[in-house]
Amino acid sequence: MKFKKLEIYGFKSFADKLEVKFESGVTAIVGPNGCGKSNVADSIRWVMGEQSAKSLRGGSMQDVIFNGTEARKPQSFAEVSLYFDNTDKIFPFDYSEVVFSRKLYRSGESEYAINKNPVRLKDMVDALRDGGLGKESYCVIGQGKISALLSAKPEERRAVFEEAAGISKFKAKKIEAERKLERTRENLTRINDIVFELEKQLGPLAKQSENAKKFLELKEKLKSLELNIYVYQYDNASTSKADIRTKLEGI
Ligand code: ATP
Ligand code: MG
């Protein structure tokens, strides 16, 4: 796994577009105090989904946007793109190069993209984790982290080893699956309640349905009886008419 390239624009001290190419071998960023070396490392953690402004050494997330200097106006957004070589299919995409991007506007609106296609933060975090770069991953070790690691409690150190062994992504998946299971269980309880309610209505509804059926039967019967009456009345009237005509002719 290797970073190929990092593009920074409007992030922290980088008002202009900065491109860092990671050639084979060691890439080191050297410079005087305060020149922005740690900002480069911050940008890598930021593009990989870091949500804590504090750990990016800011008060709010908007603090990562270039804030201007005496000679330059502030930027309206910050954007970072991190390029990976994906010929070994480290990430589950059919591309030989994968680029993760994150953009944040002053309004607070943010955008995430994989190969320039907009995605949700979760999709990006999942993809990175599939590649072994979890948010809690040890892939970026900040100033003072080594000594913290050495003096950490065994359980805390274990988390780092698990990340290195590639277990933590399965652990995260397990936690998510358990959460889904719990939600499904709650849904099931709710469905059982509904079934119980509906079953209570079943008795009265059966009675109503029986009544409706009887009504239809009786309605059919009524129709045929009414027809019979009309036929009978017609016959009677025809006979009377014939009688009256005979009488009339006699008179
Ligand atoms: P050191 O060698 O002391 O660790 P460094 O090279 O790591 O220094 P950084 O901490 O990366 O330096 O950079 C600090 C500089 O970044 C400061 O000058 C600070 O003013 C500037 N800076 C941080 N955030 C912003 C911002 N939003 N807009 C403009 N400049 C910023
Ligand atoms: Mg520094």
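Counting convention: from 1, in listed order, for ligands and their atoms alike. Numbers for residues simply follow the sequence, beginning at 1.
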Supply the atom-to-atom distance [X] [atom1] to [Y] [atom2], rounded to the nearest 0.5 angstrom.
X      : Y      : atom1 : atom2 : answer
Ser101 : Tyr83  : OG    : OH    : 6.5 Å
Met124 : Asp126 : CE    : CG    : 11.5 Å
Asn39  : Phe11  : CG    : CZ    : 6.5 Å
Leu248 : Ile251 : CG    : CD1   : 6.0 Å
Glu156 : Ser151 : CD    : OG    : 9.0 Å

Worksheet entry | Protein non-hydrogen atom below 4.0 angstrom of atom 4 (O) of ligand 1 present |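 True for atom 4 (O) of ligand 1.
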
Fill in: Closer than 4.0 Å: a protein non-hydrogen atom to atom 19 (C) of ligand 1
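No, no protein heavy atom sits under 4.0 Å from atom 19 (C) of ligand 1.
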
Worksheet item: Can you tell me if an N/O/S atom from Asn33 lies under 2.8 Å from the Mg ion (ligand 2)?
Response: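 Asn33 does not place any N, O or S atom closer than 2.8 Å to the Mg ion (ligand 2).
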
Worksheet entry | Pair Glu182 + Arg179: basic N to acidic O under 4.0 Å |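 Salt bridge: no.
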
Practice prompt. For Arg57, look at atom CZ and say whether over 12 heavy atoms of other residues, nucleotides or ligands are found less than 6.0 Å away.
Written response: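 Result for CZ/Arg57: enclosed.
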
Practice prompt. State whether the number of non-hydrogen atoms from other residues, nucleotides or ligands found under 6.0 Å of Glu210 atom CD is greater than 12.
Written response: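 Not buried by this count: 12 neighbours or fewer within 6.0 Å.
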
Please state which protein non-hydrogen atom is closest to [atom] and give its distance, to 0.1 Å?
atom                    : answer
atom 2 (O) of ligand 1  : Lys37 NZ, 2.7 Å
atom 28 (N) of ligand 1 : Asn67 N, 2.8 Å
atom 12 (O) of ligand 1 : Gly36 N, 3.2 Å
atom 29 (C) of ligand 1 : Lys12 O, 3.4 Å
atom 11 (O) of ligand 1 : Asn39 N, 2.7 Å
atom 15 (C) of ligand 1 : Gly34 O, 3.6 Å
atom 10 (O) of ligand 1 : Arg57 NH1, 2.8 Å
atom 21 (C) of ligand 1 : Ser13 CB, 3.9 Å

Discussion item. Would Val64 count as a polar contact of ligand 1, with the cut-off being nitrogen or oxygen pairs under 3.5 Å?
Written reply: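 For ligand 1, there is no N or O atom that lies under 3.5 Å from one belonging to Val64.
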
Discussion item. Can a donor-acceptor pair be found, under 3.5 Å and without considering hydrogens, that links the side chain of Arg102 to the backbone of Trp46?
Written reply: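 Yes, Arg102 side chain to Trp46 backbone: donor-acceptor pair under 3.5 Å.
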
Worksheet item: Which bit of Val40 gets closer than 4.0 Å to ligand 1, counting heavy atoms only: side chain, backbone, both or neither?
Response: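 Neither part.
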
Item to complete: Would you kindly specify which portion of Ile65 sits under 4.0 Å from ligand 1, judged on non-hydrogen atoms: side chain, backbone, both or neither?
Response: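 Contact part for Ile65 vs ligand 1: backbone (N, CA, C, O).
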
Worksheet entry | Non-hydrogen atom of Gly31 closer than 4.0 Å to ligand 1 |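 Distance cut 4.0 Å: Gly31 fails for ligand 1.
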
Worksheet item: Mind checking whether Phe100 and Phe91 have parallel, tilted or perpendicular rings, split at 30° and 60°?
Response: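 Geometry flag for Phe91 against Phe100: perpendicular rings.
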
